[in-house]
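Keep in mind the model is a prediction, meaning the values are calculated, not measured. Chain identifiers are assigned alphabetically (A, B, ...) following the order of the sequence lines, protein sequences preceding nucleic acid strands; residue numbering begins at 1 within each chain. Only heavy atoms go into these numbers, but all of them, side chains included; no hydrogens, no water, no symmetry mates.
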Protein chains: 2
Amino acid sequence: MPTPHYGQPRYRVIADDLRRRIENGAIPPGALLPTESVLTAEFRASRGTIRQAIAALREAGLVVTEHGRGTYARPRPPGSRETTAPLLTTGQREVAADPELAALFAVEVGTALVELQSIEQSRGAVEAVVRIYRLRSPSQ
Amino acid sequence: MPTPHYGQPRYRVIADDLRRRIENGAIPPGALLPTESVLTAEFRASRGTIRQAIAALREAGLVVTEHGRGTYARPRPPGSRETTAPLLTTGQREVAADPELAALFAVEVGTALVELQSIEQSRGAVEAVVRIYRLRSPSQ
DNA sequence: AGAAATTTGTCCGTATGTATC
DNA sequence: AGATACATACGGACAAATTTC
């Protein structure tokens, strides 16, 4: 189903959607917008179209994009050290078992465990961080 | 040589090639794939095309990529949780935010967080330990 | 401990071919 | 035919995480 642009052009519909999110706080000031590739998936639009939408927002002064970094919702003056909560789900890593984990898994303290971390978000804020620990693959 | 994609797109040809290497063991499980720059040289394709190929493998669950590290051949299906075993809540307590949690919640290191811990059991053995962290009071 | 090199992540700009309205 | 959108591909640049020296 490509290219039904009866009323408005696609890029304008997308730009309006994003503008709404910024104005109602779904994307708080200073926060990073989803990346172009994420928006591409979400809107099922090509990168060129996404870029056209973001360019419209930029021209309207609603966002600022930094080369190599991303696009921010109406940036704030310098001095606000607000760490942009990493959109990166740190995924999986190895950690050493603390005493409690070691007891639960019945292994020695320091044994390598796999930690999977995920983040529960709501309205751009991190609501909860979930960490799941497992023994390393028994099948290898 | 820009953009002759008559038959298959290049990124898919490259993805298929890499998938074959993984499936026939040329790239064993857990091993690092060649770096993007190496693949760029090998396939004489641009980095974007290489990344597109790797993204296809990632979406297929064949590889996992870590920032600054590299791309691994299926080290462990990360997102797939069978969730057959029920979780037993084993406790709730307050902990101080470590640097990573502090960054995620946008609070200072040491801020009190609530930690809920539960375990997933199967035939008496602990399969996984789940720790959920939340802010003690609503931040707004 | 700190600097440099590696490697992936993201963005920019551009170009070409294809398909649809 | 023209405008819009999509898919693919290239090259260059800065950012950030990791590793190495």
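- For D/dA5, neither phosphate oxygen OP1 nor OP2 lies less than 4.0 angstrom from any side-chain nitrogen or oxygen of A/Y11.
- Between C/dC12, C/dG9, D/dC10, one nucleotide has an atom nearer to the side chain of A/E36 than all others, and that is C/dC12.
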If you restrict it to nitrogen or oxygen atoms, what contacts under 3.5 Å exist between nucleotides 19-21 of chain D and the protein, and what is each distance?
from	atom 1	to	atom 2	distance (Å)
D/dT19	OP1	B/R69	NE	2.3
D/dT19	OP1	B/R69	NH2	2.6

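- Between the side chain of B/R10 and the backbone N or O of B/I50 there is no donor-acceptor pair closer than 3.5 Å.
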Open item on the list: With side chain to side chain contact (heavy atoms under 4.5 Å, CB included) as the criterion, how do A/Y133 and A/V95 come out once you've worked through the C-alpha distance, each side chain's angles and the decisive distance to 0.1 Å?
Closed with: CA-CA 9 Å; A/Y133 299 88; A/V95 299; 3.9 Å; yes

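- Using a 4.0 Å heavy-atom cutoff across all strands shown, B/G48 reaches no nucleic acid atom at all.
- Atom P of nucleotide C/dT10 and atom CG of A/L39 are separated by 12 Å, given to the nearest angstrom.
- Taking a cutoff of 4.0 Å between a charged side-chain nitrogen and a carboxylate oxygen, B/E42 and B/R21 qualify as a salt bridge.
- In this structure, A/D16 does not pair ionically with A/R12, as no charged nitrogen and carboxylate oxygen lie closer than 4.0 Å.
- OP1 or OP2 of D/dT8 has at least one side-chain nitrogen or oxygen of B/R12 nearer than 4.0 Å.
- If you check C/dT8, D/dA9, D/dC6 against the side chain of B/S46, the one that comes closest is D/dA9.
- Take A/S46 and apply the side chain to side chain donor-acceptor pair (under 3.5 Å) test, not counting sequence neighbours, and it matches A/T49.
- Both B/T49 and A/A45 lie near DNA chain D, and the one whose nearest nucleotide falls closer to the 5' end is A/A45.
- Nearest to the side-chain atoms of A/R51 among the listed nucleotides C/dT8, D/dT8, C/dC12 stands C/dC12.
- Residue-to-nucleotide contacts include a donor-acceptor pair under 3.5 Å from the side chain of B/R47 to the base of C/dT10.
- Of the candidates D/dT8, C/dT7, C/dC12, the closest approach to any side-chain atom of B/T35 belongs to C/dT7.
- Pairs passing the salt bridge (charged side-chain N to carboxylate O under 4.0 Å, His left out) check and including a residue from residues 47-56 of chain B, sequence neighbours excluded, read B/E36-B/R47, B/E36-B/R51.
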